[in-house]
Amino acid sequence: MIIKLFESKIKYLIVGLFLGIFITTLLPKLFIKSTWEKNKQQINLANIKNEYNFIEYSQWPPFLTDPTFDLTLWRKHCWINQISLPTQDIKSYYKKNYTAYNVCKDVISLINSIYNMKTNIAKVEYPETFAQKIRKIFNYDKTLYAKALEQELYFVMNKYTFEHTVYNPLRGRRPIQSPEVPIEQYLNETIEKTSQNCDLCNYQNMTAIDSLGRMENRYAYSAANAFKFDQWHSMFMPKQHDITKLTFEELKDIFTLAWKWFQTVHKQSSSHRFPTLLWDSLPHGGASQVHPHIHATLHSDHYYGQFESIRFASERYYREYINISKHGKKNFFRTIQDIHMAFNLTISFNGITVLIPITSRKEYDIIVLAENFDERFIKVIYQIIQGYFNKLKQFSFSSCLYLPPLSPNQDDSGLTPVYYRIIPRGQISSLLSEISSLDLLSIHNVNKLPADLFAEIITWFQEI
Ligand SMILES: [Zn+2]
Ligand SMILES: [Zn+2]
């Protein structure tokens with residue numbers, strides 16, 4: 001009996017011992033090994049996916065400038081032409097019975113496929129003395145004052161590019177402070193003063209040239225940038241100094257030279273395929289020289305990050321909707337154009353579309369999408385700049401022109417349209433910067449609704 005008990009104790013001891021060894025040493029190893037294997041597999045997968053994502057663009061359906069839906073039907077059955085943006089309160093934006101029509105459903109699904117929109121009300125209370133000041137600012141208009149107490153904020157986010165804008169139309173109603181020095185005076189003085197000793201006016205002696213030599217035509221010339229920001233980087237200038245007197249012929253000559261330069265560089269180095277033109281106007285717009293000058297670069301592998309992120313958004317959009325038969329012909333840029341057409345925020349010039357983006361970065365932010373880079377396109381750009389100068393008295397701006405990738409072997413995957421964007425850069429003589437942590441680090445804040453901005457810019461254009 002005692003022996004039996006002793007034997008079973010030994011049995012338990014031995015079993016316990018082995019169990020202990022197993023739990024403390026082998027089990028964790030097994031466990032770690034399996035998670036490690038799993039992680040390794042995931043990392044491999046992620047790598048494969050990343051490489052695939054970055055390098056391989058698909059062949060998207062081409063960008064065309066006509067809408068993919070019936071605009072007349074849309075206006076007849078679906079859309080109430082009003083200035084606010086569609087919000088949760090769909091009923092005040094779309095016509096009664098809109099759900100009965102396919103065109104309404106189709107276009108609304110296009111809108112929702114890219115944009116996320118919402119309205120919030122921000123409530124404010126003012127102590128009496130401050131309230132008097134506010135009433136005075138709004139010229140004792142009772143409706144406006146009521147709006148100041150309950151401010152409408154419109155948020156729009158592009159779900160693919162994450163461009164994000166908040167509109168507060170009330171902020172746009174605040175009185176504008178007139179600049180410290182009158183605009184015209186500042187402009188005349190600055191242009192006059194800088195023209196006396198301008199390297200770019202005296203370009204034969206005072207500008208650098210790159211390995212391709214100097215390019216020149218009637219009104220424009222090229223020069224190498226003395227301090228480059230890319231391997232292939234050149235500048236294109238009109239021969240005269242005053243940006244306010246820039247003629248269409250000069251702008252055309254500048255773009256023509258730049259286009260020639262892109263072709264020549266690409267012939268020398270076929271991996272350089274991504275043409276970019278950057279144009280800042282006047283010191284307040286970030287230009288280092290008052291003499292008008294456009295930077296041209298040809299990058300390899302991909303566009304600069306800000307545009308590549310849009311191009312890649314376009315690829316993701318294409319992949320997500322590849323199997324949905326009816327959907328917007330799956331070209332991201334065309335869908336964006338469709339949506340802006342539906343909201344009546346576009347001007348069409350057969351092959352060229354001017355639009356006020358619903359994710360604007362500033363008031364009068366304008367995007368131009370085009371099928372081709374040609375003289376008509378340059379005319380549209382010229383009219384926009386004239387609108388900035390003559391209608392807005394806006395002389396400083398930043399703008400970019402991304403041309404479709406150059407490809408020797410007809411490789412048209414990831415083919416972006418001709419893409420131009422121009423953004424005002426504040427009053428030229430103001431000490432105040434128009435850019436803040438909002439623009440640089442968080443969300444764009446615009447104080448006029450897109451429809452109001454559109455109503456202004458539509459008057460700038462003549463038929464081309
Ligand atoms: Zn000059
Ligand atoms: Zn510059």
Side-chain angles (χ1 to χ4, degrees), residues 65-69 71-72 74-76 78-87 92-95 107-108 110-111 114-115 117 119 152-158 161 163-173 176 333-370 377 379-394 397-399 417 419-425 434 444-464:
T65 48
D66 50 322
T68 67
F69 62 96
L71 201 54
T72 323
W74 160 259
R75 293 203 173 138
K76 189 172 166 203
C78 322
W79 186 63
I80 303 167
N81 190 354
Q82 61 167 37
I83 62 155
S84 76
L85 288 162
T87 61
S92 68
Y93 204 79
Y94 297 122
K95 287 185 178 168
V107 174
I108 291 169
L110 282 184
I111 296 167
I114 294 187
Y115 293 104
M117 293 188 237
T119 308
E152 280 172 359
L153 305 175
Y154 298 85
F155 289 89
V156 183
M157 182 184 260
N158 181 317
T161 63
E163 286 175 289
H164 198 190
T165 302
V166 55
Y167 294 89
N168 180 352
L170 195 75
R171 277 171 70 101
R173 306 298 285 262
I176 336 157
F333 294 94
R334 198 172 181 193
T335 309
I336 285 179
Q337 177 188 258
D338 272 345
I339 295 166
H340 286 79
M341 281 174 168
F343 291 157
N344 193 24
L345 296 172
T346 61
I347 306 162
S348 300
F349 300 97
N350 190 22
I352 304 166
T353 303
V354 176
L355 64 89
I356 291 282
I358 56 173
T359 49
S360 284
R361 300 191 176 192
K362 285 276 170 226
E363 295 81 13
Y364 309 101
D365 174 355
I366 297 172
I367 293 178
V368 185
L369 301 173
F377 175 82
K379 264 189 188 147
V380 171
I381 304 300
Y382 187 73
Q383 295 195 34
I384 292 174
I385 288 161
Q386 293 311 299
Y388 264 45
F389 290 175
N390 302 328
K391 306 280 167 130
L392 298 181
K393 298 289 163 208
Q394 178 66 56
F397 57 78
S398 289
S399 66
Y419 180 101
Y420 177 79
R421 189 166 194 171
I422 183 165
I423 299 171
R425 292 294 311 277
E434 84 298 354
H444 298 290
N445 169 223
V446 175
N447 300 326
K448 280 188 181 183
L449 287 170
D452 289 327
L453 295 165
F454 182 76
E456 283 185 59
I457 74 147
I458 197 170
T459 63
W460 300 358
F461 296 92
Q462 290 162 359
E463 236 352 278
I464 52 160

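Every heavy atom of this structure was used, including side-chain atoms; hydrogens, water molecules and symmetry mates were not.
The closest side-chain heavy-atom distance from Val107 to Asp338 is not below 4.5 Å. Counting heavy atoms from C-beta outward, Ile108 and Trp74 have side chains that approach closer than 4.5 Å. Under the 4.5 Å side-chain criterion, counting only non-hydrogen atoms from C-beta, Ile352 is in contact with Ile464. By the 4.5 Å heavy-atom criterion applied to side chains, Ile381 and Ile422 are not counted as neighbours. With contacts defined as side-chain heavy-atom distances shorter than 4.5 Å, the pair Ile111/Met117 qualifies. A heavy-atom distance below 4.5 Å is not found between the side chains of Tyr382 and Val380.
Ring geometry, Phe461 versus Phe349: the interplanar angle falls from 30° to 60°, so the pair is classed tilted. Between Tyr115 and His340, the two ring planes are perpendicular [angle over 60°; tilted spans 30° to 60°].
Minimum heavy-atom separation, Ser398 to Arg425: OG-NH1, 2.9 Å. What you find for Leu110 and Ile339 is that their closest heavy atoms are O-CD1, 3.5 Å. Counting all heavy atoms, side chain and backbone alike, Leu369 lies closest to Pro417 at CD2-CG, 4.3 Å. In terms of heavy atoms, Glu163 sits closest to Arg361 at OE2-NH2, 3.3 Å. Taking all atoms of both residues into account, the shortest heavy-atom contact from Pro67 to Met341 is CB-SD, 3.6 Å. Scanning both residues, Pro450 and Pro357, for their nearest heavy atoms gives CG-O, 4.5 Å.
Taking CD1 from Ile358 and CG from Leu449, the interatomic distance works out to 11.5 Å, rounded to the nearest 0.5 Å. Atom CZ in Phe155 sits 9.0 Å away from atom CG in Asn168 (nearest 0.5 Å). Rounded to the nearest 0.5 angstrom, Thr65 OG1 and Phe333 CZ are separated by 14.5 Å. Summarising the geometry, atom CD1 belonging to Ile384 is positioned 10.5 Å from atom CZ belonging to Phe397; distances are rounded to the nearest 0.5 Å. Rounded to the nearest 0.5 angstrom, Ile336 CD1 and Thr359 OG1 are separated by 7.0 Å. Atoms OH and OG, from Tyr93 and Ser84 in turn, are 6.0 Å apart once rounded to the nearest 0.5 Å.
With sequence neighbours excluded, no residue forms a salt bridge (charged side-chain N to carboxylate O under 4.0 Å, His left out) with Asp452.
With hydrogens and angles ignored, the 3.5 Å screen pairs no side-chain donor or acceptor of Glu363 with any backbone N or O of Leu453. Between the side chain of Lys95 and the main chain of Lys76, a donor-acceptor pair closer than 3.5 Å is present. Tyr388 places a side-chain N or O within donor-acceptor distance of the main-chain N or O of Tyr364, the cut-off being under 3.5 Å. With Tyr420 contributing its side chain and Ala370 its backbone, the two residues share no donor-acceptor pair below 3.5 Å. Put simply, the side chain of Gln383 gets close to the backbone of Gln462: a donor and an acceptor are under 3.5 Å apart.
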Go through Trp460 and Ile347 one step at a time and tell me if the side chain to side chain contact (heavy atoms under 4.5 Å, CB included) criterion holds.
CA-CA 11 Å; Trp460 300 358; Ile347 306 162; over 6 Å; no
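When each of Asp66, Thr353, Thr68 is checked for a side chain to side chain donor-acceptor pair (under 3.5 Å) with Arg334, only Asp66 meets the rule.
Shown here is Arg173, whose CZ atom has no more than 12 heavy atoms of other residues, nucleotides or ligands within 6.0 Å.
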